[in-house]
Amino acid sequence: MDRSVVTPWAPVTLTLAAVNMATLTRLRSSLAGNCVLSRALGNALLSRATPVAGVIVPHKALSLTPVAHKRIYGPPDPGMPVHTSHWKNERILDIFMAPLIPATVIFPNPVFDMALSTLLCLHINWGLEGVVTDYVHGEMLPKIAHPAVLVMSIAAFACLCMFNYTDVGVGQAIRSLYSL
Amino acid sequence: MSLSKLRMAIRPCLTVQRSALIPKRVVSSEVKAHEEMRAFWEKNQKLGRPLTHFTTYKMHQPMLMSLGHRITGIAMGVAFYGLVIGLYVMPGDFTHYLDLIKSFDLPKWFLFPAKMVVAFPLMFHYMNGIRHLSWDAGKGVRLATMYKTGWSILATAIVMSACMASLAYLG
């Protein structure tokens, strides 16, 4: 496609992508964690059995009740963010992504392309953020690394949206490369 | 009759945690769990205790699988971001670069392993990711099962990446 047609739309796409990613990343534990849909999906897909009272470490770690959680990890610290809902959301995203990857390659279409792009960027963003949390220590470095990951994710998502809107799309791109 | 009534009367005292029989220390230690954890790490830092390097431990399959999961994840994530942003920044579109690769007329003995090398991390991360999900659901966490699934994932990832690489020669 002609680049000159595309360029005026670039700032709009970038802004939309930035808002999208920033919202999803920042509000993941507060907003997404309390989302009814996310809860229902989490309960339907992930929880296995109700834990038995008095067990120190339940076999099914996913179905921790607040009481069991308190017993193992202590009470929730008011100064610290709650990460359990975020952990759950990551798993839900993975479950959706698993069939979507082969589906996009086998049946490339704009809907699958956009869905896969969004999920993939979120997955990579959370993954890299986890890596940064694990390995980047010190006073200054984490303060640079965490925003850097977010900025790169936003930029990549914006570019990916542009690629899907104006170019062949993710699924067709993989197909073309592997039919060389 | 009277004995069972007595039992019923004292039962709450024995079952309720915050009865007079149980000292209040239990509750307060629960409240302090986070503070204790913080104090533990602060003490470690103050004393300058060395961290155990992971090379201290003998290499074993689950450890290498976990390491491989991370490495493939980071590599693919960074490469994907780089490719996508690069494709936007560069002047040509996807078809232009695809034609450029086609114009090199690369031999099959190079293309096949190259495609396999690109496909393998994805297959490995994908399969191992599904195994992680099954662990999260509480299945397959026994050590013997872990070794078995680990080897089968490695083998399947190699076979599947070979299948991906050979797709071009089918039709």
Indicate if [X] and [Y] have the same hydrophobic cluster label, given that clusters are the connected sets of ILVMFWY residues with side-chain heavy-atom separations under 4.5 angstrom.
{"X": "B:Tyr57", "Y": "B:Ile71", "value": "no"}
{"X": "B:Val141", "Y": "B:Ile130", "value": "yes"}
{"X": "A:Val151", "Y": "A:Val132", "value": "no"}

Region of [X] that comes under 4.5 Å of a non-hydrogen atom in chain A:
{"X": "B:Phe94", "result": "both"}
{"X": "B:Ile101", "result": "side chain"}
{"X": "B:His125", "result": "side chain"}

Donor-acceptor pairs are to be reported for all side-chain atoms of residues 106-116 of chain A against protein atoms at under 3.5 Å, with residues two or more places apart or in another chain.
from	atom 1	to	atom 2	distance (Å)
A:Asn109	OD1	A:Val111	N	3.0
A:Asn109	OD1	A:Phe112	N	3.0
A:Asn109	ND2	A:Phe107	O	3.2
A:Asp113	OD1	A:Gly171	N	3.0

Let me confirm one number: the [atom1]-[atom2] distance from [X] to [Y], rounded to the nearest 0.5 Å.
{"X": "B:Met164", "Y": "A:Ile174", "atom1": "CE", "atom2": "CD1", "answer": "7.0 Å"}
{"X": "A:Ile124", "Y": "B:Tyr81", "atom1": "CD1", "atom2": "OH", "answer": "5.0 Å"}
{"X": "A:Thr166", "Y": "B:Tyr88", "atom1": "OG1", "atom2": "OH", "answer": "8.5 Å"}
{"X": "B:Arg70", "Y": "A:Asp134", "atom1": "CZ", "atom2": "CG", "answer": "4.5 Å"}
{"X": "B:Phe80", "Y": "A:Cys121", "atom1": "CZ", "atom2": "SG", "answer": "6.0 Å"}
{"X": "A:Met162", "Y": "B:Ile85", "atom1": "CE", "atom2": "CD1", "answer": "13.5 Å"}

Heavy-atom side-chain contact between B:Leu98 and A:Leu180 under 4.5 Å
yes

More than 12 foreign heavy atoms under 6.0 Å from CH2 of B:Trp135: is that the case here?
yes

Kindly give the heavy-atom pair with the smallest separation between B:Val84 and A:Ala156, and that separation in Å.
CG1-O, 3.4 Å

Residue A:Tyr178 versus chain B: region with a heavy atom under 4.5 Å
both

Is it the backbone or the side chain of A:Leu177 that comes under 4.5 Å from a heavy atom of chain B, or both, or neither?
both

Most chain B-contacting option - heavy-atom pairs closer than 4.5 Å, from A:Gly130, A:Ser176, A:Gly127:
A:Ser176

